[in-house]
2 protein chains.
Amino acid sequence: MNAGQQHIRGQAAMAPLSAQGSTARVRDPDATRHRILEAAFDQIYHHGYQGMRLDDVIAATGLTKGALYHHFANKLALGYAVVDEVIAGVIDQLWLQPLRASARPLAELTRIISELHQAAGHDLMTYGCPLNNLAQEMSPLDEGFRRRIDQLYLHWRKGLVEALDRAARIGELRPGVDTTRVAAFIVAALSGCIGMAKNSQRKDELLLCTRSLVEYLEQLRHA
Amino acid sequence: MNAGQQHIRGQAAMAPLSAQGSTARVRDPDATRHRILEAAFDQIYHHGYQGMRLDDVIAATGLTKGALYHHFANKLALGYAVVDEVIAGVIDQLWLQPLRASARPLAELTRIISELHQAAGHDLMTYGCPLNNLAQEMSPLDEGFRRRIDQLYLHWRKGLVEALDRAARIGELRPGVDTTRVAAFIVAALSGCIGMAKNSQRKDELLLCTRSLVEYLEQLRHA
DNA sequence: GTGAAAACAAACCGGTTGGTATGTACAATA
DNA sequence: TATTGTACATACCAACCGGTTTGTTTTCAC
């Protein structure tokens, strides 16, 4: 079954910590932990948290139970870590950083939304938004999950508010707009649009929905 | 453990089929099937399909495995039946019937949305929309679920389109509105709003979001 | 170099859970 | 009223799966 996977003895074994050399290390705890997290995210994204099997996670990494339970106390702790570390990174990379870097935040926002279907790849259509999936599944079941996911949503919306406020300052948005409320609606409506497309499995449904959302945003330009 | 639950011998045992007498029947297959479906819906709504335990379902009904597997081939068939029969009924009762019965469909639509938080009771805040929950969990995992849920969404949206068209005819809605697109957006945005409130567990978040949606609808009145 | 802790590997365990096999009481038909 | 299928109840099973225990190798501190 499991043909030789690891055991790639790196010749340079004197590197003290973390990835700095180019070759593979024999034992790199940080990298191992990272591999487990990535595999766990993948399983949760594709099967849900309750559907994730720890045996599948370690099979995907080529590690064993020993490694997994050395880095994480139990399945729940692994799930929490996926939210805090992996998913938080996705939001930061896909939303917050581009918005902060843009000179025209509102235009950038509508661009991200409009180009979602190609930017996020095929998985977005099939499996939807990782954060929303986990939220809908686990929020009612576990308070720990709910709080962490709530924190992430607040972080996301805070980034949107900053972008919208900046847009209002440079005249991209008409004054008097309740940016906090708009940000909340953007997140909610977008989650709904992605969820609908994920269910219908039709890309034009996603376009149909996001167009209404963009329309709503465009309308906020003028008085 | 299980103190006497059923075995309530009905004195009138000559009634041929289904509930017509007021007293409880000894054996009523239709009623039994209905009880199982209700309990299964409850479990799915509170724990998800994967989280539903058949032992909990039969415990809630006071029946046994024999009864369950007499009426349903397996867990999957039970899940399908919940979608087709129970959830479909909820949509019909909460949305389609009130819209059809109203003389002012758009006003009725905004009313339903605005009063969602009190109409659907406490469970909507805690557990969200039953259909959306199941869609987000099961659509990527099982094609049978996806198709049935998709059918339900189309049915729902079709009812909304009819209401919106009627609203346009009586002047409640401005002409030229793409009712198909608006209906899709309503369903998507509303699912997102409910999902967000379910995660934050704050009623004012639901109000905040639905207000934006109602605002969007109100804007469709005037040219 | 040496001891000790860290970073894994491998085998195992017990509760859970969907499903089945079998038995029995009821209900429609004749 | 005898008969036959329906509508359940009861007991049981095998696979799955999260978690543990134990053993081994690598790495770090001194």
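Because the structure is a prediction, the values reported are computed rather than measured. Chain A is the first sequence line, chain B the second, and so forth, proteins listed ahead of strands; every chain is numbered from 1.
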Between Met125(B) and Ala197(B), what is the shortest heavy-atom contact and its length?
CE-O, 3.7 Å
Please report, rounded to the nearest Å, how far the C1' atom of dT22(D) is from the NZ atom of Lys65(A).
15 Å
Would you call Glu162(A) and Arg157(A) a salt bridge, taking side-chain N to carboxylate O under 4.0 Å as the test?
no
For the backbone of Met52(A) and the side chain of Lys75(A), can you confirm whether one donor and one acceptor N or O come within less than 3.5 Å of each other?
yes
In this structure, is the centre-to-centre distance between the rings of Phe145(A) and Tyr49(A) below 6.0 Å?
yes
For the pair made of CG in Asp55(B) and P in dG15(C), what is the distance, rounded to whole Å?
16 Å
State whether a side-chain donor-acceptor pair under 3.5 Å links Asp150(A) with Ser200(B).
no
When the distance from CZ of Arg35(A) to P of dC8(C) is rounded to whole Å, what number comes out?
8 Å
In whole Å, what is the span from the CD1 atom of Ile58(A) to the C1' atom of dC12(C)?
14 Å
Is Glu38(A) paired with Arg35(A) through a side-chain N to carboxylate O contact shorter than 4.0 Å?
no
Does a side-chain N or O from Thr32(A) land closer than 4.0 Å to OP1 or OP2 of dC8(C), or not?
yes
About how many Å separate CZ of Arg166(B) and CZ of Arg100(B), when rounded to the nearest 0.5 Å?
9.5 Å
Examine the base of dA7(D) for any acceptor or donor lying under 3.5 Å from a partner atom in the side chain of Arg27(B), and report the outcome as yes or no.
yes
Is there a donor-acceptor pair closer than 3.5 Å between any side-chain N or O of Ser102(B) and the backbone N or O of Leu99(B)?
no
Check each residue of residues 37-54 of chain B for a non-hydrogen atom within less than 4.0 Å of any atom in DNA chain D, then write out the ones that pass by number, or none.
none
In residues 67-82 of chain A, which residues come under 4.0 Å of DNA chain D by heavy atom?
Tyr69(A), Asn74(A), Lys75(A)
